[in-house]
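This report concerns only the one structure given below.
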Amino acid sequence: MTVKKPKHQRQLLNTRSTPDWPTFFQTLYDKAKDNRLKNFYSTPIINGDTPLSEVPFVALDFETTGLDPKKDEIISIGLVPFTMERIRCRESAQWTVNPHRPLNEESVIIHGITDSEVENAPDLLKILEQVLRSLAGKVVVVHYQRIEREFMNQALLSRLEEGIHFPVVDTMAIEMAIQQRDFGGFINRLKGRRPGSVRLARARQRYGLPLYPPHHAATDALATAELLQAQIAYHFSPDTPISDIWL
């Protein structure tokens, strides 16, 4: 299906509960005890009125042992920094993380990471400084915010007894809002139209983006970065403030 650019733009997401991130970061810095978190929060973050064309983004993806952040663990982290004009593949990174537990068969089938690969991998705390340095000062882009936000927060709570907060743009939430806007409602149901899937591969297909093998952290991060670029090109203006889409 070909996606057509709209004739006018309107805000898609309800961001009224989104904090003023620069101010919130100062509060988080004052409360943080771990120096790695203090360094993360002390890095200047953009204001909400910054246009999308000027925002430094970083796409982030986790592979995990399951879907419950209170019971499961991160086993792979991939990230790719980018802007609306350029994806910085040379600055991308991926880490394998030791979950300190045997991997279940179902998760191994999904992500392909085995026990032998994680048993000699470092604990998250060993690479935390590198990960936070890569995220600092950027707006994190994910496809389904609950995974990356909640897993990262829970992982640090269990290790440091303090969690982490950061602004995100959720490409799944954006695509869901677009599908509801264009294909939701009673009239569309009468016409046999329904909102489509918002899974990463299906969402990318709408914009003519290539198919990548799924469940590889760095590749999924790249796929998410490309998807946001396409969503903004089709549905937003470069002058749209980041506060319209960050959460």
Side-chain angles (χ1 to χ4, degrees), residues 2-28 40-41 43-61 79-88 135-150 152-153 164-185 188 195-200 202-204 206-209 220-247:
T2 302
V3 181
K4 296 181 180 179
K5 292 186 181 182
K7 294 181 180 179
H8 59 86
Q9 174 194 337
R10 52 181 167 167
Q11 189 167 342
L12 288 169
L13 302 179
N14 180 2
T15 59
R16 285 178 296 180
S17 61
T18 301
D20 173 5
W21 282 106
T23 301
F24 190 33
F25 262 38
Q26 181 59 56
T27 300
L28 293 169
F40 175 71
Y41 292 131
T43 304
I45 188 74
I46 59 170
N47 292 315
D49 58 1
T50 303
L52 295 177
S53 60
E54 298 177 13
V55 176
F57 292 106
V58 58
L60 179 67
D61 185 81
L79 58 84
V80 180
F82 71 104
T83 64
M84 286 300 95
E85 298 296 325
R86 181 183 177 189
I87 294 178
R88 303 183 181 278
L135 301 181
K138 300 179 178 68
V139 176
V140 175
V141 181
V142 299
H143 195 74
Y144 190 46
Q145 61 163 317
R146 289 189 62 185
I147 295 295
E148 283 72 24
R149 259 187 171 168
E150 293 187 17
M152 189 69 161
N153 185 60
I164 187 171
H165 303 276
F166 47 84
V168 300
V169 171
D170 186 346
T171 53
M172 178 182 279
I174 291 173
E175 196 65 21
M176 187 177 296
I178 292 166
Q179 288 298 303
Q180 287 294 332
R181 181 195 67 188
D182 294 345
F183 301 103
N188 276 318
S197 169
V198 295
R199 295 176 69 89
L200 182 57
R202 184 65 185 92
R204 285 172 56 83
R206 294 190 184 100
Y207 301 93
L209 295 170
D220 282 352
L222 173 61
T224 301
E226 292 177 344
L227 176 57
L228 182 64
Q229 286 183 327
Q231 289 173 327
I232 290 176
Y234 278 103
H235 301 289
F236 299 89
S237 160
D239 297 326
T240 300
I242 184 63
S243 59
D244 275 12
I245 64 171
W246 71 2
L247 302 169

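Numbers here are sequence positions counted from 1.
- Judged purely by atom type and a 3.5 angstrom limit, Thr15 uses its side chain to pair as donor or acceptor with the backbone of Ser243.
- Between Ile87 and Glu226 the shortest side-chain heavy-atom distance falls below 4.5 Å.
- Not one N or O on the side chain of Tyr207 forms a donor-acceptor pair closer than 3.5 Å with the backbone of Leu228.
- By the 30° and 60° cut-offs, the orientation of the rings of Phe25 relative to Trp21 is perpendicular.
- Annotation: side chain of Lys138 is in contact with side chain of Pro81 (closest heavy-atom distance under 4.5 Å).
- Within the 3.5 Å criterion, the main-chain N or O of Asp170 finds no donor-acceptor partner in the side chain of Glu175.
- Two residues are said to be in side-chain contact when any heavy atoms from C-beta on lie closer than 4.5 Å; Thr50 and Trp246 fail this criterion.
- Here Asn153 contributes atom CG and Phe166 contributes atom CZ; the two are 8.5 Å apart, rounded to the nearest 0.5 Å.
- Between Thr83 atom OG1 and Arg88 atom CZ the span is 6.0 Å, to the nearest 0.5 Å.
- Closest approach of Pro238 to Pro51, counting heavy atoms only: O-CB, 3.5 Å.
- For the pair Ala230 and Leu209, the tightest heavy-atom approach, listed with the atom from each and the gap, is CB-CD1, 4.2 Å.
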Item to complete: Evaluate side-chain contact (heavy atoms from CB on, under 4.5 Å) for Gln179 paired with Arg206, printing each intermediate quantity in order.
Response: CA-CA 11 Å; Gln179 288 298 303; Arg206 294 190 184 100; 3.4 Å; yes
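- Across all non-hydrogen atoms, the minimal contact from Leu13 to Asp244 is CB-O, 4.0 Å.
- Contact annotation: the side chain of His143 never approaches that of Arg204 to less than 4.5 Å [non-hydrogen atoms, C-beta and beyond].
- Here the CZ atom belonging to Phe82 is positioned 10.0 Å from the CG atom belonging to Leu222, to the nearest 0.5 angstrom.
- Closest approach of Arg149 and Leu247 over heavy atoms only: NH2-O, 2.6 Å.
- Residues Ile164 and Tyr41 have side chains in contact (heavy-atom distance under 4.5 Å, counting atoms from C-beta outward).
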Discussion item. Working note: Glu148 + Val168, criterion side-chain contact (heavy atoms from CB on, under 4.5 Å); need CA distance, chi angles, decisive distance, verdict.
Written reply: CA-CA 9 Å; Glu148 283 72 24; Val168 300; over 6 Å; no
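- Here the shortest heavy-atom pairing between Gln229 and Arg86 reads NE2-N, 3.9 Å.
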Worksheet item: Taking it one step at a time, do Leu52 and Ile242 satisfy side-chain contact (heavy atoms from CB on, under 4.5 Å)?
Response: CA-CA 6 Å; Leu52 295 177; Ile242 184 63; 3.7 Å; yes
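- Distance OH/Tyr144 to CZ/Arg199: 12.0 Å, rounded to 0.5 Å.
- With rounding to the nearest 0.5 angstrom, the CZ atom of Phe236 is 6.0 Å from the CD1 atom of Ile178.
- The structure places CD of Glu54 at 8.5 Å from CG of Asp239, a figure rounded to the nearest 0.5 Å.
- Taking all atoms of both residues into account, the shortest heavy-atom contact from Pro22 to Ile45 is CA-CG2, 3.5 Å.
- Counting only distance, with no hydrogens or angles, the side chain of Thr171 and the backbone of Val142 share a donor-acceptor pair below 3.5 Å.
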